[in-house]
Student: 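Right, I'll just put the structure down here and ask away after.
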Amino acid sequence: IYTIYTFFISLSLISNCSRNFQDSIFKTMYKQKCLKHIKHILLNFKTNKFCVEMSCNVIIALCMNERLIAQEELEVDSTSAILVGLKYNLDSSTLVLSACLAFTSLISFSEECAFRFLYKPANANELETHEIDGIDLIRTAYQRHKNESELVEVIAGLFKELCKYDEMIVELKSLRLNESLIADIERRFRDNLNITQTCSDVLDKMDSFVDYKSKHSIDNKKPIISI
């Protein structure tokens with residue numbers, strides 16, 4: 001555990017270094033398959049707030065280079081591991097904020113990560129996510145920290161990122177989030193321009209979305225009227 005603490009503290013100091021030095025460090029981390037080790041930390045130290053929060057922050061930093069991290073994330077699945085860490089640390093607003101930013105970063109470049117956030121993975125028992133629902137976790141986090149505007153803005157941004165994908169919109173609409181959680185955020189923070197604009201973007205996307213698969217199915221069932 002002390003080695004892990006030293007690792008994270010060292011990484012936090014990198015932010016004070018030059019951009020070129022930061023890039024060289026992160027490229028080395030990619031080569032060493034750092035994401036696999038971060039996942040290990042998330043799963044094995046899931047009740048340690050420092051380890052979970054710092055793991056999320058490292059993932060956010062790694063996501064700055066989508067090309068390098070995309071393939072590794074598909075193989076490693078740190079998304080589901082973040083869910084585990086978040087489940088055990090919902091009372092920490094800073095950790096929840098970091099977790100949501102990590103989810104947003106991962107989902108921004110991969111629909112597979114969005115699926116992993118919303119649906120149980122095939123290896124759910126191994127990852128301890130068999131009883132974890134990403135949306136329920138975010139709902140709970142919102143209820144516990146709904147007066148913290150910075151965190152709520154990040155949660156709204158997470159839903160906006162999910163709405164980039166049609167199948168995610170279908171799922172979010174089926175959960176009626178546009179009538180519950182998103183609507184509540186927009187109402188509660190109506191004086192916060194950033195939050196209301198993000199919520200408006202999400203609601204507009206959901207309201208204007210047409211499920212073409214369902215529409216096609218319905219159209220095919222329409223009777224043919226002979227004239």
Side-chain angles (χ1 to χ4, degrees), residues 1 4-5 7-8 11-12 34-63 69 72-74 76-163 168 171-172 175 177 180-182 184-185 198:
I1 186 68
I4 294 172
Y5 271 52
F7 167 70
F8 283 133
L11 284 179
S12 67
C34 178
L35 208 54
K36 178 179 66 177
H37 301 297
I38 294 299
K39 175 184 175 181
H40 175 82
I41 293 171
L42 283 166
L43 295 179
N44 289 277
F45 298 93
K46 54 184 177 286
T47 59
N48 186 307
K49 292 181 181 180
F50 176 81
C51 288
V52 174
E53 183 174 346
M54 291 303 294
S55 294
C56 292
N57 290 337
V58 171
I59 290 172
I60 294 167
L62 290 171
C63 285
I69 197 176
E72 187 180 358
E73 167 57 19
L74 291 176
V76 171
D77 185 13
S78 63
T79 306
S80 297
I82 298 171
L83 287 173
V84 175
L86 179 59
K87 175 186 175 182
Y88 288 92
N89 297 279
L90 282 170
D91 288 332
S92 172
S93 60
T94 57
L95 187 149
V96 173
L97 188 146
S98 292
C100 288
L101 285 173
F103 285 135
T104 302
S105 299
L106 290 165
I107 290 168
S108 69
F109 65 79
S110 172
E111 187 174 10
E112 181 64 30
C113 293
F115 275 103
R116 289 169 176 173
F117 175 76
L118 285 178
Y119 304 109
K120 299 172 185 176
N123 56 339
N125 290 326
E126 175 194 342
L127 290 172
E128 302 181 36
T129 57
H130 53 288
E131 296 180 350
I132 299 180
D133 182 310
I135 295 297
D136 278 348
L137 276 183
I138 298 303
R139 278 192 181 122
T140 303
Y142 171 69
Q143 289 302 322
R144 294 188 186 184
H145 307 287
K146 58 187 175 184
N147 294 321
E148 301 185 37
S149 59
E150 182 182 2
L151 175 53
V152 173
E153 183 176 348
V154 171
I155 289 175
L158 171 57
F159 285 113
K160 183 177 180 179
E161 205 61 49
L162 285 168
C163 284
M168 299 302 105
E171 182 65 20
L172 295 179
L175 295 171
L177 288 187
S180 55
L181 181 57
I182 305 301
D184 186 66
I185 292 175
T198 302

Student: Keeping Asn89 on the side-chain end and Val96 on the backbone end, is there a donor-acceptor pair under 3.5 Å?
Tutor: no
Student: Are Leu106 and Ser78 packed together at the side-chain level, in the sense that at least one heavy-atom pair is separated by less than 4.5 angstrom?
Tutor: yes
Student: Apply the test side chain to side chain contact (heavy atoms under 4.5 Å, CB included) to residues Leu83 and Phe103: give CA-CA distance (whole Å), side-chain angles for both, the deciding distance (0.1 Å), then the verdict.
Tutor: CA-CA 9 Å; Leu83 287 173; Phe103 285 135; 3.5 Å; yes
Student: Where do Ile60 and Ser105 come nearest, in terms of heavy atoms and distance?
Tutor: CG2-OG, 4.1 Å
Student: For His145 and Leu90, indicate whether the former's side chain and the latter's backbone hold a donor-acceptor pair under 3.5 Å.
Tutor: yes
Student: Test side chain to side chain contact (heavy atoms under 4.5 Å, CB included) on Leu101 and Cys56 and set out the steps.
Tutor: CA-CA 8 Å; Leu101 285 173; Cys56 292; over 6 Å; no
Student: To the nearest 0.5 Å, how far apart are CZ in Phe117 and CG in Leu162?
Tutor: 6.0 Å
Student: In Å, rounded to the nearest 0.5 Å, how long is the span from NZ of Lys36 to NE2 of His40?
Tutor: 10.5 Å
Student: Just verifying a value: how many Å separate Thr104 OG1 and Phe109 CZ, rounded to the nearest 0.5 Å?
Tutor: 12.0 Å
Student: Identify which one of Leu35, Asn48, Ile41, Leu43 satisfies the side chain to side chain contact (heavy atoms under 4.5 Å, CB included) criterion when paired with Ser55.
Tutor: Ile41
Student: Among Thr47, Leu42, Asn57, Leu86, which one satisfies side chain to side chain contact (heavy atoms under 4.5 Å, CB included) with Val52?
Tutor: Leu42
Student: Please determine whether side chain to side chain contact (heavy atoms under 4.5 Å, CB included) holds for the pair His37 and Val58, giving the CA-CA distance in whole Å, both sets of side-chain angles, and the decisive distance to 0.1 Å.
Tutor: CA-CA 11 Å; His37 301 297; Val58 171; over 6 Å; no
Student: Got a second to check how far Ile82's CD1 is from Ile59's CD1, nearest 0.5 Å?
Tutor: 4.0 Å
Student: Checking Lys39 side chain against Val76 main chain: does a donor-acceptor pair fall under 3.5 Å?
Tutor: yes
Student: Any chance CD of Glu150 has more than 12 other-residue heavy atoms, nucleotides or ligands included, within less than 6.0 Å?
Tutor: no
Student: Between OG of Ser93 and CG of Asn147, what distance do you get to the nearest 0.5 Å?
Tutor: 11.5 Å
Student: Could you tell me which non-hydrogen atom of Ile155 sits nearest to which non-hydrogen atom of Cys100, and how far apart they are?
Tutor: CG1-SG, 4.0 Å
Student: Please lay out, stage by stage, how Tyr88 and Lys49 fare under the test side chain to side chain contact (heavy atoms under 4.5 Å, CB included).
Tutor: CA-CA 9 Å; Tyr88 288 92; Lys49 292 181 181 180; over 6 Å; no
Student: Calculate, to the nearest 0.5 Å, the distance between atoms CD1 and CD belonging to Ile185 and Glu153 respectively.
Tutor: 11.0 Å
